[in-house]
Every structure is written in C-alpha cells, then in structure tokens.
Student: 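Mind having a look at this structure? Questions to follow.
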Amino acid sequence: MFNFDEIDREDLSHGPTQASSEGQESLLDHRWVWMGIVVFGIGAVLHNAALLAIPGFMIASVVFGWLWSRVSLGSVSYQRRFHHRRAFPGEDVEAQIIVENRKLLPLTWLQIEDEWPTGFRPADADTLVASEGTGMGYLVNVYALRWYERVRRRYLLTAQSRGIYQIGPTYLISGDPFSLFERDARHDRRDLLIVYPVIKPLEELGMIAKDPFGDLGTSQRLFEDPSRMIGVRDYRSGDGFRSVHWKATARLGTLQVKQFEPTRSMSLVFCLNIASFDQHWRGVWPELIEHLLVVTASLVAWGLDAGYAVGIAANATLSHADRSLRAQPSRNRAQLAHLLELLAGISYFITDDYPRFLLAESARLPWGATLVLVTGLLSDELSAAIWQLRRSGRRIVLISVGKTPPPETAGILTYHLPVEAEEPSEEVAAVLDLRQNGSSSKPSAPHKPAAPTTSNGTTETPRQRYLRERAERDRARAEVVIP
C-alpha cells in the first residue's frame, strides 16, 4: 500500500511543489483537446450522434477547467500573524496563518507551502516537512475555500536556539475541479523572528554579582565627557597634555587646558572575539561562540540595570546583512532590546583578526569607556594589543571563555568562564563551518577550495583569503593612532 504522505514529504525535500507543465501550456496543446477533436471527426464521418456528443462534452470540460485554473489564484491572500516576534530559547509564541479567497469563484483545492526555519518551528516537530536547505523546512497547508471565505489556523511555535530567522517565501498551487490544469504562484513577503541569547544571573556564570567590573561606587562619581567641552582653564599640576588647548594657550600666553562637561555615567563596551580557533581553516566551535554570547548578554543586561551606558562591537558580521556589528554606548530604555537583537544576529563569519580589530575599534569608542574583552582565544598578539591599549590610558577588563586560563596581568581585571563542551576535532569543526555557510546540508568532507594555497602548502579557504586581502589593505594604510 502506498504511503502518499511519505511520498509528498520526499518530494518537498527537493524543493517546493511546482504546477505540472500542462497547466502552463496553451489550451490547444492539451492532449484532451486533440483527443476530442479526433473523436469528433470520427463521429462526423460516421454520422454518429453519440460520438459527436462525447467529444463535445470533453472539449467543453477542458475549456471550463482551463478557464477556471486561469483565475484560481487571483484575489487569494496569505498572511502570517505573530503574537510576539521576539523570544528567548525555549519560549513559545502563538502564530496565525490566515488565507482568504476574495472572489466569487470558489477554490476546490489550494495547497500552500511556506518556507519555515527549524530554529523557530511549530511545537509539533512533525508539522514541518524537511527540505534540502540547511535549517529550513516547509509548513504545508491544504484548503478548500468557498467564495469570500477566510480560514485561520493557529500554531504554537517554540524558539529552539539563538538567531534571526526569516520565514518565506510562500508557494501556492491550485487549479480546476477536475485537476486537468494547475497554476502556481510565489509570494515573496517574508517575516523575521528573533531568538535572543540566554540571560543568566552573574552568580551562575561565576562572577561577582555586586559589581564585576570594580567598585560600584565609581558609577556615582563625577567624570568628564571629552566630547562636550564647556570652556578652558589654567593648567594645573597633574593635567595631561591631551587636554591642553593649544590655540587658547597661544592666544593668552599661559598654558590652558580644556574643561569638559561633567557626567555621572560610566560606559561599558563589550568587544567580542567570534573566532573559534587560531587557525581559521579549522572552522567553527559553535558551543564556544554560543557560550561567549550568553556571557555577553548576561553582562549587558546587568550593566544597563546598574545604570551603565553599554555598547558592543564584534569582529563578525550580522546575519541577513553584510555589515560588522557595532553599537555605541547608551543608557536608552530600548538599548537592551537593541543589543540583544545584535547578539542574536551575529554570524560565524570573521571580518578581522581580534588584536587588529581592537586597535582599530578603540579609535571609534568613547574615551572614558571601559573595554570588556570577551574572547575564547588568547595569544601573544592579543597581549600586545591589550598592553598598547592599557598604555594609552584605556581601562581594560578581560573575560576568557576558552579552556585555557588567561595569564594574570597587572592592572587588568581578569575572569575565566570556561565553556563546558569539549573542543571538536578538526574534521567536525570544518563540517560545522560548512553547514553554517549553507553550502550543503550533508557535506562529505571538510571544505577545502582548490586554490589558492597558503605558504605551508595547505589549501586557502575563502575566509583566509578575505583576511589576507584585508591585512594587505591594512598594511597599505597608515598605522592606527590611538587617542
């Protein structure tokens, strides 16, 4: 006995259902028309009334079905409505699928296939039909709609994992009551669903819950905002040369320094390193990156609740975008949601080496901000970059989430919050990287492009090539000067 449901699922695994070619051909190309013409000719030759009536009925049915199919998908609307579009992993969200036939002609059958991400799928996992796309499936619904009828179907969606998920496009297929002709259409309307990273209490992460970045009382002291100058004053012992106002000094003949507007807010900027390994060709360690984002999201929530102005920057791109992640510090009420959305949308694609990224990014950040470095990798280059930032007057906090404890450095507050998962092998990490890039859902071997090759003879991946070209461009520019 045939399992038609299993056959349909197998067909959908290769892509959306397409209307048969007969539905796209002209009426005169249809086999039923030519069959009716032949029989009608035979009946005319034999003067047989039955042979004349039968093809006449056949031709009328074909013409009727063809005309019906031509207008079957006209004035058909498809909508998705969500009670919430943002959630944390494990939370449920109600969704409605609304289909309406806005014409007098009824639809004897209508099949709708909606591309749906498995990361934010219906609570009943069997509702989605798997597709060959990575992390995607099809939500399939079949309807029979009368004239001007609207149908609502409700689903309970469960957020599975962090990410920004795109729903759509939608494929519609319908036809005449006899299924002689079929028509299909595609609706490109897409919806976005966001799953934030998990936020944990600082005690659960192993940090000091009262103030993980030093004395909490410092947030109530008066500081000067270097972006808001309100005047000049005479030089005093202890003033730095960076604050000297040279034009006023030349005009008055005595050493003058800039006077800035006082502020009570302290700023935190979380600088994230999304690289999993020193060797980029090794791929991705998802557990490490997700743990890093959980730590960052928890600290961002704590910082805003404690009254800090919080911002983030990362050496990675956003999903569904080609720009790097960057957000200036702010204490706005909407800042937490904005930062969580950015963290939810971080991809695994690295835009720059972390030490070079820190030095370049520091020039764009407020001078009084504390830089919280969250990384799973420690290297001599990173230590040199931290020392350079520290020597220029930056306040640094280092949070290591890798297996290796960070070395203690004088003047730098350091935490070690290791990931619990074990490091994957080179082959597994490369396969995970390939799946993240969406090249194939079932790769048979690690991703190794044919050319070019690196200096040690290994194959150069697209990420290595991007980083090499980026480094060549950076070397051509002038050295970054830290304020």
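For clarity, every value in this text was computed on a predicted model and none was experimentally measured. All values below were derived from every heavy atom in this structure, side-chain atoms included, with hydrogens, water molecules and symmetry-related copies excluded.
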Student: Passes salt bridge (charged side-chain N to carboxylate O under 4.0 Å, His left out), Arg86 versus Glu341? Steps please.
Tutor: CA-CA 9 Å; Arg86 296 165 177 81; Glu341 286 183 12; 2.7 Å; yes
Student: Who are the side-chain contact (heavy atoms from CB on, under 4.5 Å) partners of Val257, not counting sequence neighbours?
Tutor: Arg233, Tyr235, Asp239, Ser243, Val244
Student: side-chain contact (heavy atoms from CB on, under 4.5 Å) between Glu100 and Val76: does it pass, once the steps are laid out?
Tutor: CA-CA 6 Å; Glu100 185 176 3; Val76 175; over 6 Å; no
Student: Apply side-chain contact (heavy atoms from CB on, under 4.5 Å) to residues Leu193 and Leu157 and explain how you reach the verdict.
Tutor: CA-CA 11 Å; Leu193 299 178; Leu157 308 179; 4.1 Å; yes
Student: So, Ser267 side chain and Ala369 main chain: donor-acceptor pair closer than 3.5 Å or not?
Tutor: no
Student: May I ask you to decide whether Asp184 forms a salt bridge with Arg186, counting only side-chain N to carboxylate O separations under 4.0 Å?
Tutor: no
Student: Could you tell me whether the side chain of Phe120 reaches within less than 4.5 Å of the side chain of Leu192, counting heavy atoms only?
Tutor: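 No. Closest side-chain heavy atoms not under 4.5 Å.
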Student: Quick one: do Glu423 and Lys403 make a salt bridge, cutoff under 4.0 Å?
Tutor: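 Answer for the salt bridge query: no.
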Student: Under the criterion side-chain contact (heavy atoms from CB on, under 4.5 Å), I'd like the reasoning laid out for Trp116 against Tyr138: C-alpha separation, chi angles, the key distance, then a yes or no.
Tutor: CA-CA 6 Å; Trp116 207 279; Tyr138 288 102; over 6 Å; no
Student: Please report the interatomic distance CG(Leu417) to CG(Leu205), rounded to the nearest 0.5 Å.
Tutor: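 Here the interatomic distance stands at 6.0 Å.
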Student: Less than 4.5 Å apart, any side-chain heavy atom of His416 and any of Pro406?
Tutor: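 Yes. Closest side-chain heavy atoms under 4.5 Å.
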Student: Nearest 0.5 angstrom please: Ile412 CD1 to Leu398 CG, how far?
Tutor: 7.0 Å
Student: Hey, what do you get for SG (Cys271) to CD1 (Ile312), rounding to the nearest 0.5 Å?
Tutor: 10.0 Å
Student: Check whether any side-chain heavy atom of Thr375 lies under 4.5 Å from a side-chain heavy atom of Ile399, and answer yes or no.
Tutor: no
Student: So, the side chain of Arg121 versus the backbone of Thr127: is there a donor-acceptor pair under 3.5 Å, distance only?
Tutor: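 No, the answer is negative, given that no donor and acceptor are paired below the 3.5 Å cut-off.
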Student: Tell me the closest heavy-atom pair linking Val232 and His245, and the distance in Å.
Tutor: CG1-CD2, 3.7 Å
Student: Quick check: do Val310 and Val269 have side-chain heavy atoms less than 4.5 Å from each other?
Tutor: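 They are not in contact (no side-chain heavy atoms under 4.5 Å apart), so the answer is no.
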Student: Just do the side-chain contact (heavy atoms from CB on, under 4.5 Å) check on Ile112 and Val142 with the steps written out, would you?
Tutor: CA-CA 6 Å; Ile112 298 180; Val142 180; over 6 Å; no
Student: Does Arg153 make a cation-pi contact with Tyr143 (under 6.0 Å, within 45 degrees of the axis)?
Tutor: yes
Student: Is Ser400 reaching over with its side chain to a backbone N or O of Gly376, donor-acceptor style, under 3.5 angstrom?
Tutor: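 Such a contact is absent between Ser400 side chain and Gly376 backbone.
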Student: Do Leu340 and Phe88 have side chains that get closer than 4.5 Å, going by heavy atoms?
Tutor: yes
Student: For the atom pair CG (Leu413) and CD (Glu408), what is the distance rounded to the nearest 0.5 Å?
Tutor: 11.0 Å
Student: Quick one: salt bridge (charged side-chain N to carboxylate O under 4.0 Å, His left out) partners of Arg364, sequence neighbours excluded?
Tutor: Glu361
Student: Assess the side chains of Asn141 and Tyr78: does a donor N or O sit below 3.5 Å from an acceptor N or O?
Tutor: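 No pair is found: no donor N or O on one side chain lies under 3.5 Å from an acceptor on the other.
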Student: Would you confirm whether Asp353, through its side chain, and Pro355, through its main-chain N or O, come within 3.5 Å as a donor-acceptor pair?
Tutor: no
Student: Examine the side chains of Asn315 and Thr351 and answer whether a donor and an acceptor come within less than 3.5 Å of each other.
Tutor: no
Student: Would you say that Gln388 contacts Arg390 through its side chain, given a criterion of any heavy-atom pair below 4.5 Å between the two side chains?
Tutor: no
Student: Going by atom types alone, do Ser347 and Thr317 pair a side-chain donor with an acceptor below 3.5 Å?
Tutor: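 Checked: Ser347/Thr317 side chains pair up, N/O donor to acceptor below 3.5 Å.
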Student: Any chance the side chains of Gln256 and Thr254 put a donor and an acceptor closer than 3.5 Å?
Tutor: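 On atom types as modelled, these side chains qualify, holding a pair under 3.5 Å.
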Student: Apply ring-ring contact (aromatic ring centres under 6.0 Å, His included) to Tyr165 and list each qualifying residue two or more places apart in sequence or on a separate chain.
Tutor: none
Student: For the atom pair CG (Leu342) and CZ (Arg326), what is the distance rounded to the nearest 0.5 Å?
Tutor: 11.5 Å
Student: For Leu139 and Leu128, work out which heavy atoms get closest and say how close.
Tutor: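 Looking at all heavy atoms of both residues, the closest pair is N-CD2, 3.7 Å.
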Student: Show the nearest heavy-atom pair for residues Asp114 and Arg80, with the distance to one decimal.
Tutor: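 In terms of heavy atoms, the two residues are closest at OD2-NE, 2.7 Å.
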Student: Would you call Pro366 and Pro329 a side-chain contact if the rule is heavy atoms closer than 4.5 Å?
Tutor: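 Yes. Closest side-chain heavy atoms under 4.5 Å.
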Student: Can you tell me how far apart CG (Leu172) and OG (Ser77) are? Round to the nearest 0.5 Å.
Tutor: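 Those atoms lie 9.5 Å apart.
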Student: If you measure from the Lys or Arg side-chain nitrogens to the Asp or Glu carboxylate oxygens, is any gap between Glu115 and Arg190 under 4.0 Å?
Tutor: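 Salt bridge flag = no for Arg190 with Glu115.
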Student: State whether the side chain of Arg331 and the backbone N or O of Gly307 hold a donor-acceptor pair below 3.5 Å, judged by distance alone.
Tutor: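 Yes: the side chain of Arg331 pairs with the backbone of Gly307.
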Student: For Gln166 and Asp191, which I'm curious about, is there any donor-acceptor pair between the side chains at under 3.5 Å?
Tutor: no
Student: Minimum heavy-atom separation for Ser276 to Gly283, with atom names?
Tutor: CB-O, 4.1 Å
Student: Do the non-hydrogen side-chain atoms of Leu293 and Leu272 ever get within less than 4.5 Å of each other?
Tutor: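 Yes - at least one pair of side-chain heavy atoms lies under 4.5 Å apart.
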Student: Please name the pair of heavy atoms, one in Val401 and one in Leu288, separated by the smallest distance, quoted to 0.1 Å.
Tutor: O-CD1, 3.5 Å
Student: What pair of heavy atoms forms the shortest contact from Gly345 to Ile164, and how long is it?
Tutor: CA-CD1, 3.5 Å
